[in-house]
2 protein chains.
Amino acid sequence: MSEPTHETAQELAPPPERARTITDLARIAGVSPGTVSRALAGKSLVNAKTRERIEALAREHGFRLNQMASRLRRQKTGVIGVAIPLGHDRRQHISDAFFMTLLGYLADELTERGYDLMLRRVIPDRDGDWLDRFVGSGMVDGVIVIGQSDQFERIEAAAARFLPMVVWGNHQEGQRHCVVGTDNFAGGRLAAERLIAAGASTIGFLGSTDPIEFAARYAGAKSVADDKGVPIRALPTHLSPEHAADEIAAHLASDMAGIDGIFAASDMLAIACMTELQKRGIDVPGGMKLVGFDDLPIASQTRPALTTIRQDIAAGAARLADLLLRRMGGENTASVVLPPELVGRQTA
Amino acid sequence: MSEPTHETAQELAPPPERARTITDLARIAGVSPGTVSRALAGKSLVNAKTRERIEALAREHGFRLNQMASRLRRQKTGVIGVAIPLGHDRRQHISDAFFMTLLGYLADELTERGYDLMLRRVIPDRDGDWLDRFVGSGMVDGVIVIGQSDQFERIEAAAARFLPMVVWGNHQEGQRHCVVGTDNFAGGRLAAERLIAAGASTIGFLGSTDPIEFAARYAGAKSVADDKGVPIRALPTHLSPEHAADEIAAHLASDMAGIDGIFAASDMLAIACMTELQKRGIDVPGGMKLVGFDDLPIASQTRPALTTIRQDIAAGAARLADLLLRRMGGENTASVVLPPELVGRQTA
DNA sequence: CGCCTGATTGCAAACGTTTGCATTTTTGTA
DNA sequence: TACAAAAATGCAAACGTTTGCAATCAGGCG
C-alpha cells in the first residue's frame with residue numbers, strides 16, 4: 001500500500017531466491033538432489049550438520065516438497081479415499097446428517113494418524129464404474145465407503161480384487177467385503193420391543209426399505225412384532241429432509257389406520273415426524289409413541305427428548321480407520337458388528 | 001470356495017492380461033504409449049478407429065490411468081483442498097454441525113464441476129506452517145479455508161503469495177484475502193433488534209468472542225443494544241457440544257442477573273441453551289427470549305421452533321466454489337458478503 | 001508417377017522425487 | 001603412514017504420464 005520502498009530498498013537483504021524443486025535447493029546448498037531428499041526425509045545416512053544446513057536453507061527459501069512427485073515415486077499417497085454412494089435415493093444430499101457426523105469423526109481419526117482424506121460423492125447409476133475408478137486411480141492408498149446404498153453387488157465385486165477397502169454398512173452372512181456397522185436387525189428388535197412395551201398396538205415403520213441397512217432394521221422390528229402378534233406396516237418415505245416432511249404429512253393424513261407407534265429409520269425422520277405430529281396436535285408419546293435410530297447429538301435436545309437406538313458413531317469411525325490401516329498393511333481383516341443400544345428418553 | 005476349476009479351465013478364455021500402465025496397453029494394442037494417451041484423452045489427433053480399438057482394449061484389460069503420474073506431468077491435480085483450522089477452540093471437533101453442513105454443500109458443488117475434494121483438519125498451534133504446506137504441496141489446485149478461526153494474519157500472509165484461495169469467514173475493511181461469508185455484524189443487529197422488539201430488557205450473548213465471526217456478531221448486537229439503552233453482556237461459552245451444556249448450566253445458575261433475552265452465537269448453542277432452560281422450568285419465550293444463528297435444518301424442528309439468523313449455506317458454498325474456480329483461472333476476485341436474514345419463529 | 005498436403009503415429013524429453021549402487025571422504029587401527 | 005572399515009555423498013535410473021516435434025503414411029492433383 002504505502003511502504004516507502006524506494007528509501008529502504010538498498011538496505012534490505014535481497015529476497016531469497018525461491019527454491020521450487022529439490023534440485024534448486026541442491027544447487028543452492030552445493031550438494032546433490034539425492035542428499036537433499038535424504039536430509040529432508042530425516043534419514044540417518046546424511047551427516048547431521050549437512051542435514052541442519054539443508055533444513056535451514058529449505059526454510060529460508062520457502063521450499064515445499066512436491067507431493068505429487070514424491071507419491072508417484074514412492075507408489076503411495078498418504079491419502080484415504082472416502083466415497084459416499086447415493087444410489088438408493090438420488091435426492092439424498094451428501095450433507096445427510098448421519099454421514100456427515102461419521103465423516104467428521106473419520107476425518108479426526110485419519111488426520112490423527114497422518115493421512116489426508118479425499119472425499120468423493122458418487123451417483124452410481126450415472127457412473128457404473130465408480131468404485132474401480134476410485135481404487136484404481138492411484139490417488140488413494142485405501143478406500144472407505146460410507147453406506148452400501150444399493151451397491152452391494154458392485155462392492156462385493158471390487159472387494160474380490162482390491163484389499164484395502166472397508167465399508168460402513170450392514171453385515172450379511174457370507175459377504176466378502178469387510179464391513180463395519182451396527183447390528184441393524186438387533187436395533188430394529190430393540191425399537192419394536194420398546195414401542196410395544198410402551199403400549200403401542202400397531203406399528204408403522206417410517207422410511208425406505210431399499211438400502212439394506214434400513215431393510216434390516218425393518219426386518220428386526222417385524223420379527224419382534226410378529227412374535228408378539230402386533231401388526232407392523234412400512235410407511236415408505238424418502239430420506240432427504242426437504243421431501244420427508246411432506247411425505248410424512250401425507251402418511252399422517254391418510255393411511256395411519258390404527259398406528260399408535262412409529263419406528264423411524266433415522267433420527268432426522270423421527271424429528272420431522274414429531275414436528276408434523278405436534279402440528280396436528282397429536283401428543284407424543286401420549287397419542288403416538290416414537291422411536292428413532294442413530295442417536296445424533298440433536299436427539300437429546302428435542303422436546304420431548306427422542307427415544308432412539310444409538311449407533312456409536314465415534315467408535316465406528318475408529319474401527320473403520322483401524323481396519324483400513326491394517327488392510328493397507330496386508331492383513332485380511334474380518335467385519336465388525338457393533339451392538340446397538342436403546343437410549344430411552346421421552347418419546348416412547 | 002468350491003468352483004470346479006479343473007473341469008472347465010480348458011474351456012475358459014484366458015483371463016485378459018491386466019494392463020497396469022499405458023505402456024502395457026500400448027504393447028497390447030501394437031501402438032506407441034503416446035498414441036494410447038491421446039486416444040484415451042479423446043484428442044482429435046488419433047484416428048477414430050484406432051481410438052475405438054484402444055478404448056475397447058482398455059476396458060477389456062481393466063486399465064486405469066494413474067492419476068498421480070498424469071497430474072505430475074500436467075502440473076494440475078483436479079483436487080481442491082479444504083482446510084478447517086481449529087485454532088480458537090482446540091476442543092471444537094471437526095464434526096461441528098455448521099462446518100459439516102457447509103462442507104456437504106461444497107462437496108456437492110465441486111463434485112458437480114468435476115473436482116475432487118481433499119479434506120484437512122489443522123490445529124494451527126501445533127503446526128505454524130499449515131497453510132503454506134497445504135498450498136505448496138502440489139496436491140491441490142486451490143484451497144478453501146472454512147473459518148478464519150484466530151488465523152487471520154496467517155491467512156493474510158498466504159493470500160499475498162498465493163492466488164487460488166478463498167476463505168469462508170468474516171469480511172474486514174481492507175483485508176487482502178478473498179472471503180465469502182455472512183455479514184455477521186448485520187446479523188448481530190438483526191438478532192438484538194428482534195430480542196428487544198420481543199420485550200427483552202437485558203441481553204446475554206452466549207458464545208465465544210475469540211473467532212472474529214463471533215466477535216462481529218456480538219459487536220452488531222451491542223451496537224443496537226447501546227443505541228436503545230439495553231444492557232448487553234457476553235456469557236463466554238465453548239463451542240463443542242460436549243462442553244457447552246455444562247457451561248450454559250453454570251451461567252444459568254450464577255450470573256444471569258436480569259438477563260431475559262439470549263442471543264446465541266450458533267443454533268447448536270441455542271438448542272443446548274433451550275434444553276437447559278426447559279430443565280429449569282423456564283419458559284421460552286415467556287421467561288426468556290432466545291435467538292440463534294445459522295438456521296441449520298434442525299432449527300425449524302425444535303419445540304418451540306427456534307427464531308434465528310439465517311446464513312444461506314448453500315448459496316455460500318456455491319459462491320466459494322465459483323470464486324475459487326475463477327481464481328484458479330487467474331482472475332483476482334473480490335470478496336462476497338451475503339446478507340443475513342431473520343427467520344422469525346417462536347423463541348423470540 | 002512424383003510431389004505436396006494433411007492426417008496419424010512414433011520418439012523422447014520432460015514433470016520432481018526417491019533409492020540402489022558406486023564412489024568418495026572420513027575415521028579408526030595397526 | 002598405510003590400510004580397512006565406516007560414513008557420507010553422488011549418480012542415474014526409475015515412477016507413469018503427456019506433449020512438442022519429427023517421421024511416416026495415405027490420398028489428391030498435375
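Every chain is numbered from 1, with letters handed out A, B, ... down the list of sequences. Because the structure is predicted, anything quoted here is derived from the model rather than measured.
Contact annotation for B:Ser70: backbone-only contact, meaning every heavy-atom pair under 4.0 Å involves sugar-phosphate atoms and none involves a base. Residue B:Arg38 is in base contact, counting any heavy-atom pair closer than 4.0 Å across all strands shown.
Atom NZ of B:Lys76 and atom P of D:dT19 are 10 Å apart (whole Å). One interatomic measurement links the two molecules: CZ of A:Arg27 to P of D:dG10, which rounds to 15 Å at whole-angstrom precision. Per the geometry, CE belonging to B:Met139 stands 14 Å off C1' belonging to C:dG16, to the nearest Å. As rounded to whole Å, 15 Å separates atom C1' of D:dG10 from atom CG of A:Asn47. With rounding to whole Å, B:Lys49 atom NZ is found 12 Å from D:dA26 atom C1'. The distance between atom CZ of A:Arg71 and atom P of C:dT17, rounded to the nearest whole Å, is 13 Å. A straight line from CD1 of B:Ile22 to C1' of D:dT19 spans 12 Å, rounded to a whole angstrom. Summarising the geometry, the separation between CG on A:Leu72 and P on D:dT18 is reported as 12 Å, rounded to the nearest angstrom.
In this structure, A:Gln75 does not reach the C:dT17 phosphate: none of its side-chain N or O atoms is under 4.0 Å from OP1 or OP2. Residue A:Thr35 has no polar side-chain atom (N or O) positioned under 4.0 Å from OP1 or OP2 of D:dT9. Between A:Arg74 and D:dC15 there is no side-chain N or O to OP1 or OP2 distance below 4.0 Å. Look at A:Thr50 and you'll find a side-chain N or O under 4.0 angstrom from OP1 or OP2 of D:dT9.
For A:Val31, taking side-chain heavy atoms from C-beta onward, the closest of the listed nucleotides C:dT19, D:dG10, D:dG16 is D:dG10. With C:dT17, C:dG16, D:dG10 as the candidates, the nucleotide lying closest to the side chain of A:Thr23 is C:dT17.
Taking for each of A:Leu45 and A:Thr21 the nucleotide of DNA chain C with the nearest heavy atom, the 5'-most of the two is the partner of A:Thr21.
Rounded to the nearest 0.5 angstrom, A:Tyr115 OH and A:Leu324 CG are separated by 8.0 Å. Within the model, atoms CE of A:Met328 and CE of A:Met165 stand 14.0 Å from one another, a figure rounded to the nearest 0.5 Å. The OG1 atom of A:Thr50 lies 11.5 Å from the CZ atom of A:Arg38; values are rounded to the nearest 0.5 Å. Note that CZ of B:Arg53 and CG of B:Asn47 are 9.5 Å apart. Values are rounded to the nearest 0.5 Å.
Under the 3.5 Å distance criterion, the side-chain polar atoms of B:Arg327 are left unmatched by any main-chain donor or acceptor of B:Pro164.
Contact annotation: side chain of A:Arg73 to base of C:dT18, donor-acceptor pair present below 3.5 Å.
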